[in-house]
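Here the structure is laid out as structure tokens; the discussion comes afterwards.
Quick note: residue numbers are just sequence positions, from 1. Keep in mind that this is a model prediction, so the values were computed, not measured.
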Amino acid sequence: MDQRISLITLGAKDPAALAAFYDALGWSREDSPDGVIAYDLIGQTLGIYPLEKLAEDIGLPAEELGRGASTFSHNVPNKEDVAPLLSKAEAAGGRVLKPAHDIFWGGHIGYFADPEGHIWEVAHNPFSALGPRGEFRWNGYG
């Protein structure tokens with residue numbers, strides 16, 4: 001198995017409403033088959049899929065799929081970029097869980113949840129500079 005993630009799928013009770021949230025953040029949808037809403041990212045795609053259909057595909061009841069035990073991180077190039085992005089998420093219908101703040105390891109972070117409870121971290125990591133297209137690598141691009 002290659003060391004990469006190709007597609008991240010969010011199960012959604014209301015896919016249209018969840019997609020409207022990501023649209024409001026400025027993301028652009030890609031053409032996709034019926035039932036899937038897709039956004040191409042840098043090196044991956046984020047998909048939104050009806051929760052019940054996702055559970056059916058996996059072969060588990062929807063209530064067994066869990067929620068909130070993982071986070072998605074969106075790194076930004078500057079410390080000053082964290083708070084405005086949290087505000088944008090809140091204006092789009094998300095909920096700020098923790099406002100922008102300095103963190104013990106030297107970065108600056110904050111958290112928000114999308115309308116269905118998927119948790120995002122917005123982070124500036126001064127030790128991991130982003131690549132020319134915004135790519136993230138643990139030890140940065142240099």
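- For Leu65, the side-chain contact (heavy atoms from CB on, under 4.5 Å) criterion is met by Leu51, Leu54, Ala55, Ile58, Leu60, not counting sequence neighbours.
- Evaluation of the side-chain contact (heavy atoms from CB on, under 4.5 Å) rule for Glu63 yields Pro61 as partners, not counting sequence neighbours.
- Under the side-chain contact (heavy atoms from CB on, under 4.5 Å) criterion, Asn75 pairs with Ser73, Ala123, Asn125, Leu130, Phe136, sequence neighbours left out.
- Residue pairs meeting the ring pair (Phe, Tyr, Trp, His ring centres under 6.0 Å) criterion with at least one member in residues 78-109: none, sequence neighbours excluded.
- Judged purely by atom type and a 3.5 angstrom limit, His124 uses its side chain to pair as donor or acceptor with the backbone of Pro77.
- Closest of all the heavy-atom pairs between Gly93 and Pro115 is O-CG, 3.7 Å.
- Sorted by first then second residue, the salt bridge (Lys or Arg N to Asp or Glu O under 4.0 Å) pairs that include residues 8-19, not counting sequence neighbours, number zero.
- The stretch residues 115-140 participates, sequence neighbours left out, in these salt bridge (Lys or Arg N to Asp or Glu O under 4.0 Å) pairs: Arg133-Glu135.
- The salt bridge (Lys or Arg N to Asp or Glu O under 4.0 Å) pairs that include a residue from residues 21-32 are Asp23-Arg29, where partners are two or more places apart or lie in different chains.
- Every residue two or more places apart in sequence or in another chain that forms a side-chain hydrogen bond (donor to acceptor under 3.5 Å, both in side chains) with Ser6 is listed here: Arg4.
- Counting Ile, Leu, Val, Met, Phe, Trp and Tyr side chains that sit under 4.5 Å apart, directly or through other members, Trp120 shares a hydrophobic cluster with Ile5, Ile8, Leu10, Leu18, Phe21, Tyr22, Leu25, Trp27, Ile37, Tyr39, Leu41, Leu46, Ile48, Phe72, Val76, Val82, Leu85, Leu86, Val96, Phe112, Val122.
- For His74, there are no side-chain hydrogen bond (donor to acceptor under 3.5 Å, both in side chains) partners, not counting sequence neighbours.
- Taking each heavy atom of Ser32 and Ala38 in turn, the nearest pair found is OG-N, 4.1 Å.
- Pairs engaging residues 78-90 under the salt bridge (Lys or Arg N to Asp or Glu O under 4.0 Å) rule: Lys79-Asp102 [sequence neighbours left out].
- The main-chain N or O of Leu7 is never found under 3.5 Å from a side-chain atom of Thr45 such that the two would form a donor-acceptor pair.
- The two residues Ala92 and Ala24 come nearest to each other via the heavy atoms CB-CB, 3.5 Å.
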